Amino acid sequence: MPSRPTSIRIFGALMLAQGLTALATVPLTYAQEPGSLPMVLMAMYAVGYYLCFWYMIARRANAIALWFYVGLALLDLPMTIVFWEEYAAPGTLHLALSLANLALELASVALLLCTDALAWVRARGQVPDHRDIFR
């Protein structure tokens with residue numbers, strides 16, 4: 001079985017970091033708005049969002065999921081600017097974690113737009129094995 005390209009492997013690590021930062025913001029958000037969703041549902045959403053995209057892109061090489069993720073990530077930047085007060089309201093730690101999550105998201109999008117990642121997704125995860133060329 002061929003291995004995944006380096007950009008896809010780093011993308012997987014960044015998605016794990018994004019899930020952890022999103023999970024860390026859940027108690028801070030819930031403390032600000034205790035009547036919104038139960039904290040368990042907020043945590044499930046925070047982790048599930050990143051796990052679904054990680055699985056569909058890094059494991060299944062799904063092009064639709066890749067472009068959907070890129071679109072949602074690029075929408076996050078203007079939404080962060082528009083809703084800046086809501087990100088800053090729970091406190092400095094919440095704002096720092098949210099901005100770190102946004103930076104990780106933009107870095108993961110940059111990795112997905114690398115040529116080796118796009119070729120891997122275009123080939124549906126099947127990278128040719130060229131180890132026997134020099135035998």
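Residue numbers run from 1 in the order of the sequence given. All values derive from a computational prediction rather than experimental measurement.
When the shell of 6.0 Å around CE of Met56 is examined, it contains more than 12 heavy atoms from other residues, nucleotides or ligands. Other residues, nucleotides and ligands contribute over 12 non-hydrogen atoms within 6.0 Å of the CG atom of Leu75.
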Walk me through whether Asn101 and Asp76 qualify under side chain to side chain contact (heavy atoms under 4.5 Å, CB included). CA-CA 10 Å; Asn101 198 3; Asp76 253 355; over 6 Å; no

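A continuous path of Ile, Leu, Val, Met, Phe, Trp and Tyr side chains, each step under 4.5 Å between heavy atoms, connects Trp120 with Tyr55, placing both in one hydrophobic cluster. Leu16 and Ile8 are not part of a single hydrophobic cluster, where members link through side-chain heavy atoms under 4.5 Å apart. Both Trp67 and Tyr50 are part of a single hydrophobic cluster, where members link through side-chain heavy atoms under 4.5 Å apart. With hydrophobic clusters built from ILVMFWY side chains whose heavy atoms lie under 4.5 angstrom apart, Tyr45 does not share a cluster with Leu20. Residues Ile64 and Leu112 do not share a hydrophobic cluster, clusters being chains of Ile/Leu/Val/Met/Phe/Trp/Tyr side chains in contact below 4.5 Å.
A distance of 13.0 Å separates CD in Gln18 from CG in Leu23, rounded to the nearest 0.5 Å. The CG atom of Leu95 sits 12.5 Å away from the CD atom of Glu86 when rounded to the nearest 0.5 Å.
Under the 30°/60° scheme for interplanar angles, the aromatic rings of Phe11 and Tyr69 are found to stand perpendicular.
The side chain to side chain donor-acceptor pair (under 3.5 Å) search around Ser7 returns Asp116, not counting sequence neighbours.
Contact detail for Arg4 and Ala58: the closest heavy-atom pair is CD-O, 3.1 Å. In terms of heavy-atom proximity, Phe53 sits nearest to Met15 at CB-CE, 3.6 Å.
Leu97 belongs to a hydrophobic cluster with Leu28, Leu93, counting contacts under 4.5 Å between side-chain heavy atoms of Ile, Leu, Val, Met, Phe, Trp and Tyr, direct or through other members. Cluster partners of Leu111, by chain and number: Ile10, Leu14, Leu104. The rule joins Ile, Leu, Val, Met, Phe, Trp and Tyr whenever side-chain heavy atoms lie under 4.5 Å apart.
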